[in-house]
Amino acid sequence: MTTTASRTAELLELERQYCSFGDTVHYLEPPKVFVNCEGSYLFDEDGTPYLDLQMWYSAASFGYKNPRLNAALKNQVDRLPQLACQYLHGEKVEVASRIAQYCEKRFGVKGRVHFNVGGSQAIEDSLKIVRNYTGRNLMFAFTGGYHGRTLGASAITSSYRYRRRYGHFGDRAQFIPYPYCFRCPYGLKRQSCDIYCQDQFARLFESEYYSVWDPKAEACEYGAFYIEAVQGTGGYVIPPREYFQRLRETCDQHKILIVDDEIQMGFYRTGTFWAVENLGITPDLIVVGKALTNGLNPISGLWAREDLITPEMFPPGSTHSTFSANTLGTAVALETLKMLEEEDYGRIVLEKGAYFLDGLRELRNRHPEVIGQVDGIGLALRIEVCREDGFTPDRELTDRIFAEGLKGDLESSGQRYGLVLDVGGYFKNVFTLSPSFTITREETDLAIELLDQLFSRVTAERN
Ligand SMILES: Cc1ncc(COP(=O)(O)O)c(C=O)c1O
């Protein structure tokens with residue numbers, strides 16, 4: 001019989017030989033193997049629970065093995081598990097209607113929904129819609145923004161690391177500084193800046209020689225501005241509301257669409273159905289993915305304002321993927337949307353988020369020499385790991401804390417635990433926390449206790 005230890009060793013050896021290293025598994029050496037999950041926990045082969053504070057980058061927002069969503073999937077497996085996406089089934093139409101009707105109610109704008117499989121693919125579809133409608137193939141996007149790693153999505157994702165090996169990106173976005181007030185790109189303070197960064201963007205349209213606007217033709221070279229209402233991979237950066245209200249005005253004046261990427265923050269991560277609702281603006285397109293199916297059979301998609309996606313504007317066959325709107329994914333998505341309608345997730349997420357953030361603030365008070373900032377909106381929470389000055393990013397220490405959490409040797413009330421974290425941010429020194437919406441007060445207390453243990457352990461070893 002293979003022991004668990006030798007089975008893990010066997011798997012790692014096979015993986016080393018036969019799996020591509022091109023994904024993110026080898027961000028940690030050796031990679032971590034999990035065998036089970038439930039609620040807020042992952043379990044390793046020894047049965048050690050790992051409290052998960054990132055829930056598959058917010059894809060499993062409603063908890064691992066959520067009974068209601070799992071049941072929806074199982075029912076669909078027994079009823080209509082397969083169907084070519086050129087035929088219709090009820091769940092697809094119902095999911096699209098619910099999303100479109102929500103947008104109509106919330107923004108007063110009629111629109112339609114188009115499905116795909118993964119987030120990046122839905123971003124590709126949104127690029128097609130923008131190009132088709134505006135006739136322009138260049139986009140604005142934010143520094144620190146992340147929209148995926150297909151070629152089109154990489155072109156509008158800020159990190160050059162994701163493009164470097166793949167040739168020339170003629171359609172690379174023009175990247176505009178995000179209003180990241182803790183690390184203001186202009187070195188200003190929010191109390192006195194009067195959103196200077198937005199003025200800088202608006203000034204680009206003052207002269208044709210600033211390269212984006214032809215005042216004679218009244219035409220912009222850029223079709224849309226891709227935004228995240230809270231930056232995800234960029235480090236759960238929460239922007240000031242006023243920035244986006246002015247951005248909307250500038251975009252309207254110059255006929256630039258706003259595409260709101262809600263792939264990570266949509267479906268109540270920030271306490272509202274769409275994160276963009278916190279900013280008080282109406283986008284022209286919204287792109288969704290991740291939590292819509294709680295990480296079960298994936299589907300992604302986009303909502304677009306009616307004139308961008310009328311049957312004449314975006315006719316049959318404009319884009320297609322074999323697995324888009326698959327019956328398993330849409331069945332789960334429909335159940336997710338019903339759940340969101342029946343339960344008050346706005347209240348649930350805001351209450352749990354406020355309690356968690358209180359805990360993080362106490363943690364910061366206990367470890368001011370390591371934690372530069374904590375912040376949060378709903379259950380999108382952040383910890384910036386810094387040097388003793390409280391500002392200089394400490395990436396090395398962040399990596400060590402992350403790896404320590406995955407050792408599974410923390411302890412609380414005589415029980416061994418691990419802690420699953422995710423590292424993000426411009427300098428890879430931010431823990432981006434997206435706990436399960438099912439997290440209890442006891443689990444939140446445990447999270448703070450385990451984080452405290454981790455921070456104490458690494459601080460003692462800091463050189
Ligand atoms: C904001 C945002 N956009 C797009 C993507 C890409 O989605 P996917 O990884 O499903 O392709 C992600 C994934 O993390 C994301 O967070």
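Please read these numbers as outputs of a predicted model, since none were measured by experiment. Ligands are counted one by one from 1 in listed order, and the atoms in each one are counted from 1 as well. As a basis for the values below, the full set of heavy atoms in this structure was taken, side chains included, without hydrogen atoms, waters or symmetry mates.
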Ring centroid separation Tyr345 to Phe267 under 6.0 Å: no

Side chain or backbone, does Thr233 bring an N or O within less than 3.5 Å of an N or O on ligand 1? no

Of the side chain and backbone of Met265, name the one, both, or neither that has a heavy atom under 4.0 Å from an atom of ligand 1. neither

Give the atom numbers and elements of ligand 1 that come within less than 4.0 Å of a heavy atom of Gly119. 7 (O), 8 (P), 10 (O), 11 (O)

With a 6.0 Å cut-off on the ring centroids, do Phe34 and Tyr64 count as close? no

Check each atom of ligand 1 against the heavy atoms of Tyr146 and keep those under 4.0 Å away; list them by number with element. 1 (C), 2 (C), 3 (N), 5 (C), 12 (C), 13 (C), 14 (O), 15 (C)

What part of Tyr57, side chain, backbone, both or neither, has a heavy atom within less than 4.0 angstrom of ligand 1? neither

Check each atom of ligand 1 against the heavy atoms of Asp261 and keep those under 4.0 Å away; list them by number with element. 1 (C), 2 (C), 3 (N), 4 (C)

Could you tell me, atom by atom, which parts of ligand 1 come under 4.0 Å of a heavy atom of Glu228? 1 (C)

Short question: side chain of Asp394, backbone of Asn429 - any donor-acceptor pair under 3.5 Å? no

Counting only heavy atoms from other residues, nucleotides and ligands, does the tally under 6.0 Å from OH of Tyr27 exceed 12? yes

For a side chain to side chain donor-acceptor pair (under 3.5 Å) check, start with the C-alpha distance between Thr270 and Asn278, then their side-chain angles and the critical distance, and finish with the verdict. CA-CA 8 Å; Thr270 67; Asn278 297 300; 3.0 Å; yes

May I ask you to check if ligand 1 and Gly118 share an N or O to N or O distance below 3.5 Å? no

For Arg149 and Ser154, indicate whether the former's side chain and the latter's backbone hold a donor-acceptor pair under 3.5 Å. no

For ligand 1, does Gln121 get within less than 4.0 Å through its side chain, its backbone, both, or neither, judged by non-hydrogen atoms? neither

Under a 4.0 angstrom heavy-atom cut-off, which atoms of ligand 1 come close to Gly148? 4 (C), 6 (C)

Any side-chain heavy atom of Tyr102 sitting closer than 4.5 Å to one from Leu337? no

